[in-house]
There are 2 protein chains.
Amino acid sequence: MDLTELIARGRPRFRTATAFVEAILREAILTGALPGGTPLRQEELAASFAVSRMPVREALRQLEAQALVDFAPHKGAVVTDISAADGADHYAIRAALEPAALRLSLPHLTAADFERAEGLLAEMDAEPDQSRLGELNRRFHLTLYARAGRPRLLALVEQHLAAADRYLRFHFAALGRDRMAQDEHAAILAAARAGDADEATRVLRTHIETAARDLERFFASRTD
Amino acid sequence: MDLTELIARGRPRFRTATAFVEAILREAILTGALPGGTPLRQEELAASFAVSRMPVREALRQLEAQALVDFAPHKGAVVTDISAADGADHYAIRAALEPAALRLSLPHLTAADFERAEGLLAEMDAEPDQSRLGELNRRFHLTLYARAGRPRLLALVEQHLAAADRYLRFHFAALGRDRMAQDEHAAILAAARAGDADEATRVLRTHIETAARDLERFFASRTD
DNA sequence: TGATTGTCGATTGGATCCAATTTTATTAAG
DNA sequence: CTTAATAAAATTGGATCCAATCGACAATCA
């Protein structure tokens, strides 16, 4: 288990030990540093974080509610496994939520927002580090939804965008970065800029559903 | 604070004290027994539940992740306030998720499922107790989505359906039970039975959006 | 030989205790 | 009388300790 790097920096950035542990663990799970199925022993984690078992326990509880770990009474916590079915589940949620968020947000997007989104696309084209692409992709999407004025909806979208990051590496493995759908991103941005909500949400939904199908195909070919 | 009745029965139904506390608190919040804004003192709750403060803390953490309580460091937990904005947020999420769930579920619904849904509508017509209507309404909706085969999506839908229950009482206060949209429910069921996914999801979305507008109007008239 | 039961080790769940922080009450100054 | 500073009380965050439960392995019996 290689959490030491993540732990080393940024300890005092957090108000409470629980928040600290929770943030680092979530990061580790979403980036794949802690793969699905990894058992999370409380004492071991507590030693790594140099805290007692209690903040670890509370952090694990919160991660459980976010569906990032599975909790079994007296058995312990395990990093939620990724699977074809789970991936399809996440993408189905994204396909439902994100077009709705975009539709609400679009009328209130400013020129500066579009500039920022376009900048993020350019960054993605130039970014060599695969692990940072997920965050850029997330920020691009969230920029377009940011003006929806629905905090809960946005929190849900952000959560499932982050969860989808766990599957992003499979897209790379299967298709390479060329297929990272930059053209689709550009099409979404263009339609949004033109104020065409129907077209923008349609392209966005297709974008997400295409990614879901790619993922499904990858898993299907892998089980052979 | 009147939790004693809820606490008294059904203590040994749960495997752990944390699960027990969490279930009762969620029930109390969703039914309105604990109104929005209520501060949740750990020691006080621990005494009520006859446990120590620790299971209370873990339960509160989980409820925080479910957006039912707000947590502030060193300040404590407070039952999340209901408001026009928050209600609109929940209904926006429902309007996005539920049609998607219905569309996935519809092709796999059986005759028995439709029977069950119809039975629930009949029960709603006959039910005099307002507090049980929320659960019946929830079960009607969930019956239609149950075959979606997407556990996470269904869990999200269930969570936000339950959250919407907190606003159901306002519908009663404003419109009375006649306006409880039984005709809309019947229309959704009829379209689903006919296998018309487009019509069923359209009516469902309208159903949710109408409820959202009613709620908004009620809040608007209330602030005068 | 195979199934069942019992014991031991490991791990989590829960309780109590202490520390840190916030809030409230109090006092002093303007 | 209001306000600022400060001290005391209340409340939460974290650590340590004990109890309960689960898993594995061994011993026993059919």
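Here the structure is a predicted model, which is why all the values come from computation and not from measurement. Letters go in sequence order (proteins before strands), and every chain restarts at 1.
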DNA chain D: 5'-proximal contact among A:Ser52 and A:Pro73 (nearest heavy atom): A:Ser52

Upstream residue (5' side of DNA chain D) when A:Met54 and B:Ala77 are each assigned their closest nucleotide: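 In this pair, the answer is B:Ala77.
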
With B:Arg41 via side-chain contact (heavy atoms from CB on, under 4.5 Å) - residues at least two apart: B:Pro39, B:Glu44

Contacts of type side-chain contact (heavy atoms from CB on, under 4.5 Å), residue A:Ala146, not counting sequence neighbours: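 Counting only residues at least two positions away or on another chain, A:Ala146 forms no side-chain contact (heavy atoms from CB on, under 4.5 Å).
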
Whether B:Tyr167 and B:His90 hold their rings parallel, tilted or perpendicular, with breakpoints at 30° and 60°: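 Because their plane-to-plane angle lies in the 30° to 60° range, the rings of B:Tyr167 and B:His90 count as tilted.
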
Residues touching DNA chain C, which here means a heavy atom under 4.0 Å, drawn from residues 57-72 of chain B: none

Ion pair A:Glu135/A:Arg139, N-O distance below 4.0 Å: yes

Presence of salt bridge, A:Arg138 and A:Glu158, under 4.0 angstrom: no

Nucleotide-resolved protein contact map, nucleotides 5-11 of chain D, B/S/- at heavy-atom distance under 4.0 Å: ------S

Opening and closing nucleotides of DNA chain C in contact with chain A, under 4.0 Å to non-hydrogen atoms: C:dT11 to C:dT22

Side chains of [Y] and [X]: any donor to acceptor distance under 3.5 Å?
X	Y	result
B:Tyr91	B:Glu209	no
A:Thr110	A:Asp113	yes
B:Gln62	A:Glu64	yes
B:Glu22	B:Gln66	yes

Results of ring-ring contact (aromatic ring centres under 6.0 Å, His included) for B:Phe71 - residues two or more places apart only: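 Here no residue qualifies.
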
